[in-house]
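Proteins get letters first, then strands, A, B, ... in listed order; numbering begins at 1 in each.
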Protein chains: 2
Amino acid sequence: MKDHSDILKELELKTTPKRLAILDILRNASIYLSPDEVWTTMKERFRAIGLPTVYRNLEELAAGGVISKVIHPDRKLYYFFCGNREHHHHFVCTSCRKVDDLNFCAFGEIEKEVSRTLNATVSSHIMQVFGICSDCSADKGGRQ
Amino acid sequence: MKDHSDILKELELKTTPKRLAILDILRNASIYLSPDEVWTTMKERFRAIGLPTVYRNLEELAAGGVISKVIHPDRKLYYFFCGNREHHHHFVCTSCRKVDDLNFCAFGEIEKEVSRTLNATVSSHIMQVFGICSDCSADKGGRQ
DNA sequence: CGTCTAAATAGAAATTATTTTCATTTATTC
DNA sequence: GAATAAATGAAAATAATTTCTATTTAGACG
């Protein structure tokens, strides 16, 4: 199984302690984190750690597909570890911030529809599904 | 046919000259505009016009469903007039910034899928489709 | 048509997320 | 163990958006 160092080598990124730590933090988080939250955790592990380093690495890792982004309705950005390399989308729980993969993408059909009705070409799409996961609704529903 | 003043009354918003102007600017734009771009046009029409007024009104109008938002991949926000009151999504051309309605939403299916596989409840979704419209690809393709 | 009141606004300042710059450090290559 | 390109820290810059507050104005009412 590939460890974090191998993942970075594949992306042609140097294996620095900080990069590994960021990956590690996200891997263990199980929920999505803001850059600032990642920074806060990094400061517990490193004496000197700049916020730009966090931002830079999160973007690089996301560009490499190792981690994914959540765009909130308020357009704030969050990141989480996602091992799934296939094209897919996510369901994010706005209560506990857990992320689940959706093995479902209507993009193909949309592409056809766009091509057929507008004669246009689709280049990218943003898709984010928000809601309340089963754990959180159980908490509130009291059925526990 | 409802004019802009009627639309504002329905939303219980006062019919101020500036609000009408913002609506008018978007209605005539045919492409999506940034708050700053709306402000620039407003400054040509009003001696005194504050940027917060533009932001406030755009949000109010969007909340009322009279105008719609485009969230770009860089997470910048744009607005455009959209008369379609049904739930739908948009195709936006990143070249000329024209917006077309997509009479297509896979949201129902996603909701079912989320419910079935995750036992979770969907509350909202962001969906944005970017591409090149037929006019723009004709320009580039040289088929004109 | 004047008066009243809540809503709307201007202008300035504050906030906040994010990015840039650049000198210094460090991981990798040989 | 050098050499070199990549990575980093710290500070500053940027830019979108929001807040604050005193003033103005639209719409209701008489």
So, do F130(B) and H72(B) have ring centers that fall under 6.0 Å from each other? yes
Answer yes if the ring centres of F107(A) and H89(A) are under 6.0 angstrom apart, and no otherwise. no
Using five pairs at either end of the helix from dC1(C)-dG30(D) to dC30(C)-dG1(D), determine the angle between the two local helix axes and round it to 10 degrees. 40°
Whole angstrom is fine here: how far is it from CZ in R47(A) over to C1' in dA10(D)? 15 Å
Ring centre gap for H125(B) and H87(B) strictly below 6.0 Å: yes
Measuring from M42(A):CE to N57(A):CG, what's the distance to the nearest 0.5 Å? 7.5 Å
Residue pair L8(B), V66(B): steps toward the side-chain contact (heavy atoms from CB on, under 4.5 Å) verdict: CA-CA 9 Å; L8(B) 296 184; V66(B) 190; over 6 Å; no
Starting from C1' on dA8(C), measure out to CG on L11(B) and report it in whole angstrom. 15 Å
Please tell me if K18(B) has a side-chain N or O lying less than 4.0 Å from either OP1 or OP2 of dA10(C). yes
Centroid-centroid distance, Y78(A) to Y32(A), less than 6.0 Å: yes
Taking only the side-chain heavy atoms of T53(A) (C-beta and beyond), determine which of dG9(D), dA8(C), dA10(C) contains the nearest atom. dG9(D)
Is there a path from I25(B) to V70(B) through hydrophobic residues (I, L, V, M, F, W, Y) whose side chains come within less than 4.5 Å of each other? yes
Whole-Å distance between dT18(D) C1' and L77(B) CG? 14 Å
Rounded to whole Å, how long is the line connecting atom CZ of R19(B) with atom P of dA10(C)? 11 Å
Selected nucleotide, minimal atom distance to P35(B) side chain, candidates dT8(D), dT17(D), dT9(C): dT17(D)
Within 45° cone and under 6.0 Å: K18(A) NZ/CZ vs F46(A) ring: yes
For atom CE of M42(B) and atom P of dG11(C), their distance in whole Å: 13 Å
Expressed as a whole number of angstroms, how long is the span from D36(A):CG to dT18(C):P? 9 Å
Between atom CD1 in I49(B) and atom C1' in dG11(C), what is the gap in whole Å? 12 Å
For a salt bridge (charged side-chain N to carboxylate O under 4.0 Å, His left out) check, start with the C-alpha distance between R116(A) and E113(A), then their side-chain angles and the critical distance, and finish with the verdict. CA-CA 5 Å; R116(A) 190 174 62 77; E113(A) 181 79 0; 3.3 Å; yes
Each nucleotide of nucleotides 19-30 of chain C classed B (base within 4.0 Å of a protein heavy atom), S (only sugar-phosphate) or -, in 5' to 3' order, makes BB------BS--
In this structure, how many angstroms lie between the P atom of dG11(C) and the CH2 atom of W39(B), rounded? 10 Å
